[in-house]
Structures are given as C-alpha cells and as structure tokens.
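In the text below, chain A, chain B and the rest are named by the order of the sequence lines, each starting its count at 1.
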Protein chains: 2
Amino acid sequence: MKIDPQKSTDLSAQIAQAIRDAIVSGELIVDERLPSEAELADQFQVSRPTVREALKRLAAQSLIRTQRGATGGAFVNRLSFQDAYSQQITTSTLLLSMNEVSFDTACEARYALERACAPLSAQRRSADHLATMRAEIFRQAQPGLTDEAFCASDVAFHRALVDGAENPVLSYQLAGAVEAMQPLMNMITFTARSREEIIRLHSKIADALEARDAETVDAALVELETYTRRLAHDVAERRRKPA
Amino acid sequence: MKIDPQKSTDLSAQIAQAIRDAIVSGELIVDERLPSEAELADQFQVSRPTVREALKRLAAQSLIRTQRGATGGAFVNRLSFQDAYSQQITTSTLLLSMNEVSFDTACEARYALERACAPLSAQRRSADHLATMRAEIFRQAQPGLTDEAFCASDVAFHRALVDGAENPVLSYQLAGAVEAMQPLMNMITFTARSREEIIRLHSKIADALEARDAETVDAALVELETYTRRLAHDVAERRRKPA
DNA sequence: GACTTTTAAATGTCAGACAAATAAATTTTT
DNA sequence: AAAAATTTATTTGTCTGACATTTAAAAGTC
C-alpha cells in the first residue's frame, strides 16, 4: 500500500483509497486487524489525525469498525446485508430527491424491478410473507390512518413481496428502489377512495401469491403501477391550476 | 442540529449523522455552504479535528464536497448518478465477496433484474445502444482475448442493454447487480466453445432488440442465464474432484 | 482601466498531549 | 492455590495550538 505525495487530492482520501483497494482486492480479509493509527501514520509518513480522517471515511462506508482498548484497533468489517440495505436506501433516496427525477421515471423503475421478483415470490413465498402482507393490508384499511403511515405500510407490504423471492441479493437491490419512492409517494394525498383501490389491488396480489399464480400477480402490479401514476398525475394537474 | 454528549458513540459519528439528517430532510439544500469548520466546532462544542472527522465521513458518501481558499468550505453536494453508480458497485461487490453468496443466488438476481429492463429496452433502445452492443460482440469474438477482457466486454454489453431502457433510475439500480457479478464471473474459464455460445446468445439479443421483439430478448436472457449457471456449476464440479 | 501585490479566510496538515476504554499482567487477599 | 483487586500497557477518542496551502477579494501601482 503506497500513496503518491505529489497527487493533488487530500492525503486522507489517498490513504482511504489505498486501504479500500487492499480490502476489495482481498489483501486484507474480514476481521483482520489493521495496524494501529500510530503505525499507519508511520507507514504512510503522515500524522495521526490524517490517518484518522482516512479511517473515518472507511468507517462511513462500513468497511471497517474500530474498538478502543488494549486489543482494540480498526478491523475489516464484514459488510452485512443490513448495512448494505441502509446505505443503498440513503443513496437512492438522496439521488431521487436531488436530481429532479420525475415520478414516472422512478415509478417505472420500481415496478419493473418489482415485477421481476413476482414470479420467484409466487414460487417461494412462505406463510410468513403472506401473513405480513395480510397484516399490512389490514392496517391500510384502518380509518384515521395518516398518509405517512399508509405509505409506510405500503412499503412494508411491497418489501414482504420482494422478500418472498427468498433471494437476499434481490432483496438488497430492491430495498433502494422501494424505499426511496416513499418520499415521492408522500406527496400524494390518499383519499378514502384511492386507498380502497390500492387495498383492492394489494389483496389481489396477496391472493394470487397464495395461489402461486405468477401471472395474476404481474397483472395486479401493472394495474397498481398504472393507478399510482394516475394518482401522481392528478396531483400534478391540481397543483398546476388549483380549484 | 444538536448532538447528545452522553451518547456512547463517537462524537464525529453523531455530528456526521446530525448533518446527514439535515441534508436528507432538506434543511440543507444542494450547493449550500456549511459553516466553516471553526464555526461548526463552536456550534457542536467540540474541537476542529472532531468536526473534520465528521466531514470526512460525509465526504466519503459524496454528501458534501470541500473547497479550499477564501470562499471555500464544505458544500452540500448534488449526488450525481455517476457517484451513486460507483458507490453502488463498490457496496454490491463487497457484499457479494464477503458473504459467501452463491453464484446461483447472485446470478438469479442479476438476470431477474435484467429481464425487467428488456421490454423497456426493446421499446426504446437507440441506434447508439445497438452499436455499442454490436461492437462488444465483435470484441468478444477476437481470438486471444483474456478471460478478464471477455468478462469486461460482457459487462459492457449488458450495460448497454440496460441503458437502452432509457431510465436512469433503472440503470443506476442495475449497475450494482451487473458489475458486482464480474468478480464471480472471473472465476469461470471461458473456453472457445463457451465463448461461441455466449456470443451466439448476445447476437440473438441484439437482433431481437433491433427488431424490438421483447419476447425473444427475454427468451435469450433466460437461455443465457441457464447457460451461465451451467458453466459455473461445471467449474464447481471440476474443482471438487479434479481430473 | 488593467495589472500586480497584499491580505484575509478557509481547508489541509502536523506535533504533542491527555482522557477513556480495555485486556492482560501483577499483586493482594482469602 | 484460587479468587479478587490492582496495576500496567496499548489503543482509540479528543483537545489545543500551530503552520502550510489555496483561493478570491481588496488594495495598490502603472
């Protein structure tokens, strides 16, 4: 691991990259302890604060974890699906909120991906997944539910659908697509009528999954996508020329 | 923005989280300048190195960028699709390499997602996308191509397929799935015979996309998935009881 | 007015120190 | 001898203060 002191970028960024490369390439393996901050400072010929800045960069990506004390230090972290999930959700959410991505574009991507899970989910969903979906449908039918709570339940429903495919990689990839839509969905006001329709489609999906009927799940997802986009479109219309 | 000095976690982590929350919630908007490090140190009642560690954490996630000089400082960064891509690829790659994800699982996820793009790509692909795909197919047919180069070209081919859907959100989500497979694919030795078969299927995909025939694209992708999994399976077999 | 120089403000880096946590080694007590 | 308490060494976490470097604006000069 070497750094180029001539380079224009920050030393801490260079050091972080050097260590990151070592991890990605397998030179440093999971749970391996890195040299102490003092030793790293020596190796890279920089001060300890600079090394620490580099380590914090890596910690922010969950690539390392640190422990204090006699046997402490920085250790290569096994990136858990959980950590990967939350990073993906943060990144996806920010990406959508900062780049004027149209609702249609995001919605299209989300449903395209979700439909990719549907056949697998129809094949493999457990009773547990089904129970989660039914429970969320029940919650969505409660009167007096806020729009935010309705959206959150919607996300939980769709996550159960995705998780039903029993493929952790797929669940991970979808987490961003589904959760990042929530802020966009929150702009929609769900009337009693529209909630009813959504619940109807959710039920249709749950029923079809129970029957392991992939085609009907797909059809219901298409319907749901169309309906959601219509709702968003109406909101946009009403905002353009209000009452 | 407040932090709790009682909390057990690092001060720099708490400060980073406080600022991150402010960005995600929209309290801090794109291109807005954060207070200087000295001012932040004052506000949070910590020292400047601690503030700097927090800022480096945020920089590692591309949430802020820093500039030196008189009008410099830390600015809220507009998360570009490019930045989001690379983060996703790094995370996905590490996730797969560190968690003993089976080739089958990763492969299934990848092709499920890719097939989700196929209909859109058949509808919208430009001549440019097609040209890229043809060029990569041509490259793949070159004799003397290393396995790594063949894999890289394979990735480029599939990226063109995904990009053909003309949905940046979809491209972003797929980037991880497609690129993260590359290290796994690199474990396969591509014989002349297997390359021939892959090229045949790639050509079939390109032809179908040219004809805007979504169904054939889908069928070819299924074939390709099956074939790829068979190849990986054979490698695993051969490794278990060698020659 | 155009060019050069100065200045001020900000980040980048360094050195050295102390605090706090933690496990191992040592000592004391039972 | 075993158990408990204490000490010690190591490492990260944090602070202070300083200087270097970069950069744009302000001041000065022709």
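Counting atom types as modelled, Arg68(A) pairs no side-chain N or O with a base atom of dT11(D) as donor and acceptor under 3.5 Å. Contact annotation: side chain of Arg48(B) to base of dG12(C), donor-acceptor pair present below 3.5 Å.
Spacing between atom CG of Asp10(B) and atom P of dT11(D) amounts to 18 Å, rounded to whole angstrom units. At whole-Å resolution of the value, CZ in Arg52(B) and P in dG17(D) are 18 Å apart. Atom CD in Gln67(A) sits roughly 10 Å away from atom C1' in dA21(C) (whole-Å rounding). The distance between atom NZ of Lys56(A) and atom C1' of dT14(D), rounded to the nearest whole Å, is 11 Å. Atom CD in Gln14(B) sits about 9 Å away from atom P in dT14(D), given to the nearest Å. Taking atom CD of residue Glu37(A) and atom P of nucleotide dG13(D), one finds them 6 Å apart after rounding to whole Å. For Leu11(A) and dA20(D), the CG to P distance is 16 Å, given to the nearest whole Å. Computed from coordinates, the Phe75(B) CZ to dA9(C) P distance equals 16 Å when rounded to whole Å.
Nearest-nucleotide positions on DNA chain C place Gln45(A) closer to the 5' end than the other of Gln45(A) and Gly69(A). Of the residues near DNA chain D, Thr50(B) and Gly72(A), the one whose nearest nucleotide (by heavy atom distance) lies more toward the 5' end is Gly72(A). Between Ala74(B) and Ser47(A), the residue anchored nearer the 5' end of DNA chain C, judged by the nucleotide with its closest heavy atom, is Ala74(B).
Side-chain contact of Gln17(A) with Arg57(A): a donor-acceptor pair under 3.5 Å is absent, judged by distance alone. In this model, no donor atom of one side chain and acceptor atom of the other lie less than 3.5 Å apart for Asn167(B) and Thr105(A).
Closest to the side chain of Ser36(A), from the set dT11(D), dC15(D), dG12(C), is dT11(D). Looking at the side chain of Thr71(B), the nearest of the listed nucleotides dT14(D), dT11(C), dA24(D) is dA24(D). Taking every side-chain heavy atom of Pro49(A) into account, dA15(C) is the closest of dA15(C), dT16(D), dG12(C). Of the candidate nucleotides dT12(D), dT16(D), dA24(D), dA24(D) has the atom lying nearest to any side-chain atom of Ala70(B).
The side-chain contact (heavy atoms from CB on, under 4.5 Å) test with Val169(B) singles out one residue from Leu96(A), Asn99(A), Leu95(A), Leu113(A), and that residue is Leu96(A).
A cation-pi geometry, defined here as NZ or CZ lying under 6.0 Å from the six-membered ring centre and within 45° of its normal, holds between Arg159(B) and Tyr85(B).
A salt bridge links Glu136(A) and Arg139(A); the closest N-O separation between the charged side-chain nitrogens and carboxylate oxygens is under 4.0 Å.
Within 4.0 Å (heavy atoms only), Arg65(B) reaches no atom of the nucleic acid at all.
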